Participant: 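To start, I am sharing the structure in question, which I have written as structure tokens.
Numbers here are sequence positions counted from 1. Computed from heavy atoms alone, side chains included, the values below leave out hydrogens, waters and symmetry copies. Nothing here was measured: the structure is a model prediction, and the numbers come from that model.
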Amino acid sequence: MNGLAEFFRTLGPARLAAMATVAAITIGFFIFLSIRLSTPNMSLLFSGLDLSDSAKIVQSLEAKNTPYKLVGDGSTIMVPATMVNRIRLSVAAQGLTSGGSLGYEIFDRSDALGATSFVQNINRLRALEGELARTIESLDNVSSARVHLVLPERRLFSNESRQATASIFIKSPAGRLSRSQVVAIRNLVAGAVPDLQPGRISIVDQRGSLLARGSSGDGASLVSQSLEEKKISIETRLRGQIETLLEKTVGLGKVRAEVSAELDMNRITSKSEVYDPNTQVTLSESSNEKVSNNRENADEKTVSVNNNLPNQNQAKPKKPLIKNQSSDNTTSTTTNYLNSKTISTKIHEAGTIKRITVAVLVDGTYKKTGKDGAVVYQPRSAADLAKLAQLVKSTIGYDQKRGDTVQVINMKFATVDYGEPAVKAGMFNFNKADIMRFIQLGGLMLIGILLIFFALRPLIKFMTSPPATFAPEGAGMAQLPPGQQQALSPPAADGGPAPVALVDSQGRQLSSREIAQQEGGIDSAIDVAAVEGKIQATALKKVGELVERHPEESAAVVRGWLYG
């Protein structure tokens with residue numbers, strides 16, 4: 001400790017300050033470098049979040065000890081770039097984001113006393129739309145949804161009544177929603193909104209496809225809408241069945257089918273009565289017989305009143321002579337029969353299939369030929385195409401009388417351009433983030449090199465060099481170290497004393513006697529001798545202290561000198 005204290009005393013306050021400065025700069029630079037290198041590269045996780053969703057995500061990140069950074073008002077969250085995809089999957093699995101939609105909690109954020117009726121109605125509409133969107137998003141195959149409601153207000157002194165309408169936008173990553181799901185969504189929204197009919201709700205997906213069309217509410221529009229949806233449903237079902245069946249043979253993604261179904265839009269009602277004459281039943285039977293006799297006598301008297309008086313003819317009447325006589329007999333029979341009768345009423349509903357047209361495009365086969373492994377396209381044979389056409393006919397229920405047509409054509413599929421080819425993972429495949437990281441590290445390295453050469457190196461050189469003691473006037477700089485005598489000795493002025501050389505032409509240090517032999521070098525030789533004596537005395541003192549502290553090691557060193 002005494003030697004260390006003596007060493008610090010010999011350095012002086014200037015060198016101690018320089019050492020402290022160098023140590024502070026070096027330690028600070030390496031601390032900054034280590035912090036910068038240990039800090040992960042932050043990347044965007046989510047932006048534009050609702051504050052409630054942001055709080056849920058931050059709570060989940062803190063529970064997992066995941067570093068994060070909030071940007072702006074807290075709606076943007078940054079996480080390490082290497083963990084972005086994994087954290088997004090975890091957040092989606094936990095359902096921590098609601099897509100920014102607001103529900104009835106919107107009434108908890110505003111002051112009800114200072115809100116106008118217009119603001120309250122708008123908030124009520126927003127809350128209802130947000131709650132419906134959240135409910136729809138909870139369904140399978142629905143990733144996000146937005147609901148727009150139009151609830152007309154009843155005007156004073158107006159007899160006109162307008163019905164409510166709704167528009168729904170659905171994002172489905174798993175493809176198009178089924179018919180049952182669309183109907184379920186329409187009934188769900190219609191049941192939650194007053195005076196809203198299911199037929200007045202329109203549904204659109206992210207591809208711009210109209211899943212459900214809102215109508216004006218009349219019967220004709222509803223029937224037309226139902227028939228159009230039925231047509232789309234039939235075409236979609238048949239197309240899926242054809243592609244699924246043929247892909248088992250030709251390969252996945254090597255077949256495309258288009259189906260066009262022509263439906264009968266007429267609704268026909270027919271009524272018919274059919275009588276069977278072979279199945280008669282007697283219902284009633286009646287007979288009528290009529291008999292009439294007419295005769296004329298020859299002596300018939302004139303009819304008078306006297307003939308009708310009593311006791312006019314007391315004598316026995318004689319047998320009258322018949323002059324003319326006639327008789328008439330008529331018989332009639334009426335029989336009523338009941339025949340069997342069939343009354344049928346047939347209603348031919350609209351929407352039956354009139355004709356189906358199917359077009360199927362099939363890719364060929366590819367085979368490698370030659371040693372280089374080149375792929376050559378080969379078209380399919382006519383027999384294979386005929387078999388595929390037979391499969392398609394069986395799938396759609398082909399009816400030649402109905403006029404169905406099926407076309408199966410083999411053509412080479414065009415190569416899909418997916419943009420830049422995928423780069424295989426390798427040692428020197430760097431993305432933009434890696435390049436920016438290397439640029440940052442290169443800048444830090446350049447700063448470190450400049451700091452070493454232009455700051456640390458001069459300070460260390462000044463700290464390790466012995467103190468400069470200038471000789472008296474006219475003696476030059478005799479007390480400087482030999483390595484700095486040439487550089488620090490000023491040139492002789494005109495008429496002044498010549499400079500004293502402390503080393504010869506080969507760089508060997510001159511003794512005091514050799515310096516004194518030079519012209520005007522006696523004083524410089526005396527100063528040099530004094531300095532050398534002080535240095536030797538200091539060295540001897542330090543050697544003595546070392547021998548006192550370590551006598552055994554010192555004796556071993558002396559023995560080694562003697563033996564050597």
Side-chain angles (χ1 to χ4, degrees), residues 141 172 174-183 199 202-215 219-270 346-366 377-416:
N141 299 332
S172 176
R176 190 166 182 170
L177 298 179
S178 63
R179 176 62 184 163
S180 60
Q181 290 177 321
V182 174
V183 174
S202 301
I203 301 178
V204 183
D205 61 3
Q206 74 275 12
R207 300 174 183 84
S209 301
L210 184 62
L211 304 181
R213 179 182 302 171
S215 61
S221 299
L222 292 176
V223 171
S224 177
Q225 175 185 352
S226 177
L227 292 177
E228 184 67 22
E229 292 176 353
K230 183 178 181 180
K231 179 177 181 295
I232 295 174
S233 177
I234 292 174
E235 293 175 349
T236 304
R237 178 177 58 83
L238 293 178
R239 181 171 57 250
Q241 290 178 353
I242 293 171
E243 291 182 353
T244 303
L245 178 62
L246 297 187
E247 280 179 352
K248 303 295 184 181
T249 301
V250 301
L252 185 64
K254 292 187 177 183
V255 59
R256 291 291 182 271
E258 289 296 333
V259 179
S260 176
E262 183 179 352
L263 303 183
D264 187 4
M265 301 298 179
N266 299 322
R267 186 176 185 271
I268 301 174
T269 302
S270 60
K346 296 181 179 180
I347 300 176
H348 181 76
E349 293 290 347
T352 58
I353 299 177
K354 294 177 60 176
R355 188 177 63 177
I356 297 178
T357 303
V358 181
V360 181
L361 181 63
V362 181
D363 195 8
T365 59
Y366 297 87
Y377 171 79
Q378 294 182 353
R380 297 183 183 273
S381 62
D384 293 341
L385 295 179
K387 293 179 180 179
L388 295 178
Q390 189 64 31
L391 289 175
V392 175
K393 290 180 180 180
S394 301
T395 302
I396 66 173
Y398 178 79
D399 188 359
Q400 186 177 2
K401 297 180 180 180
R402 194 171 54 187
D404 297 346
T405 58
V406 175
Q407 292 291 335
V408 179
I409 299 176
N410 175 218
M411 295 182 67
K412 182 179 180 181
F413 280 19
T415 303
V416 181

Participant: As an exercise, state the distance from NZ of K387 to CZ of R380, rounded to the nearest 0.5 Å.
Facilitator: 12.0 Å
Participant: In the structure I gave you, are the side-chain heavy atoms of V250 and L388 within less than 4.5 Å of one another anywhere?
Facilitator: yes
Participant: Hey, what do you get for OG (S260) to CZ (R239), rounding to the nearest 0.5 Å?
Facilitator: 10.5 Å
Participant: Please collect all side-chain hydrogen bond (donor to acceptor under 3.5 Å, both in side chains) contacts where either partner lies in residues 240-259, sequence neighbours excluded, each pair once.
Facilitator: none
Participant: What closest approach, in Å, do R267 and T269 show between heavy atoms, and which atom pair accounts for it?
Facilitator: NH1-OG1, 4.1 Å
Participant: With a 3.5 Å distance limit and no angle check, can you tell me whether T365 reaches the backbone of Q378 through a side-chain donor-acceptor pair?
Facilitator: yes
Participant: Going from CG on L211 to CG on D205, what distance comes out if it is rounded to the nearest 0.5 angstrom?
Facilitator: 4.5 Å
Participant: Within the structure provided, determine whether V358 and L238 are in side-chain contact (heavy-atom separation under 4.5 Å).
Facilitator: no
Participant: Measuring from Q407:CD to L361:CG, what's the distance to the nearest 0.5 Å?
Facilitator: 12.0 Å
Participant: Does some side-chain heavy atom of V360 sit less than 4.5 Å from a side-chain heavy atom of I409?
Facilitator: no
Participant: For the residue pair I242 and A257, what are the closest heavy atoms and their distance?
Facilitator: CG2-CB, 3.8 Å
Participant: Nearest 0.5 angstrom please: I347 CD1 to I268 CD1, how far?
Facilitator: 11.5 Å
Participant: Measure the shortest side-chain to side-chain distance between I356 and R402 over non-hydrogen atoms and say whether it is less than 4.5 angstrom.
Facilitator: yes
Participant: Can you tell me how far apart CE (M265) and OG1 (T352) are? Round to the nearest 0.5 Å.
Facilitator: 9.5 Å
Participant: Using side-chain hydrogen bond (donor to acceptor under 3.5 Å, both in side chains) as the criterion, list what pairs up with Y366, not counting sequence neighbours.
Facilitator: D363
Participant: I want to check something: taking the side chain as every heavy atom from C-beta on, are L263 and I234 in contact at a cut-off of under 4.5 Å?
Facilitator: yes
Participant: Kindly say whether N141 contributes a backbone atom to a donor-acceptor pair with the side chain of S172 at under 3.5 angstrom?
Facilitator: yes
Participant: Treating D264 as the side-chain partner and K354 as the backbone partner, does any N or O pair qualify as donor plus acceptor under 3.5 Å?
Facilitator: no
Participant: Locate the shortest heavy-atom distance separating D404 from Y398; write the atom from each residue and the value.
Facilitator: O-CE1, 3.1 Å
Participant: Testing the basics here: between Y377 and N410, what is the closest heavy-atom pair and its distance to 0.1 Å?
Facilitator: OH-ND2, 3.5 Å
Participant: Inspect the surroundings of CZ in R237 and state if more than 12 heavy atoms from other residues, nucleotides or ligands are less than 6.0 Å away.
Facilitator: yes
Participant: For A389 and V406, work out which heavy atoms get closest and say how close.
Facilitator: O-CG1, 4.4 Å
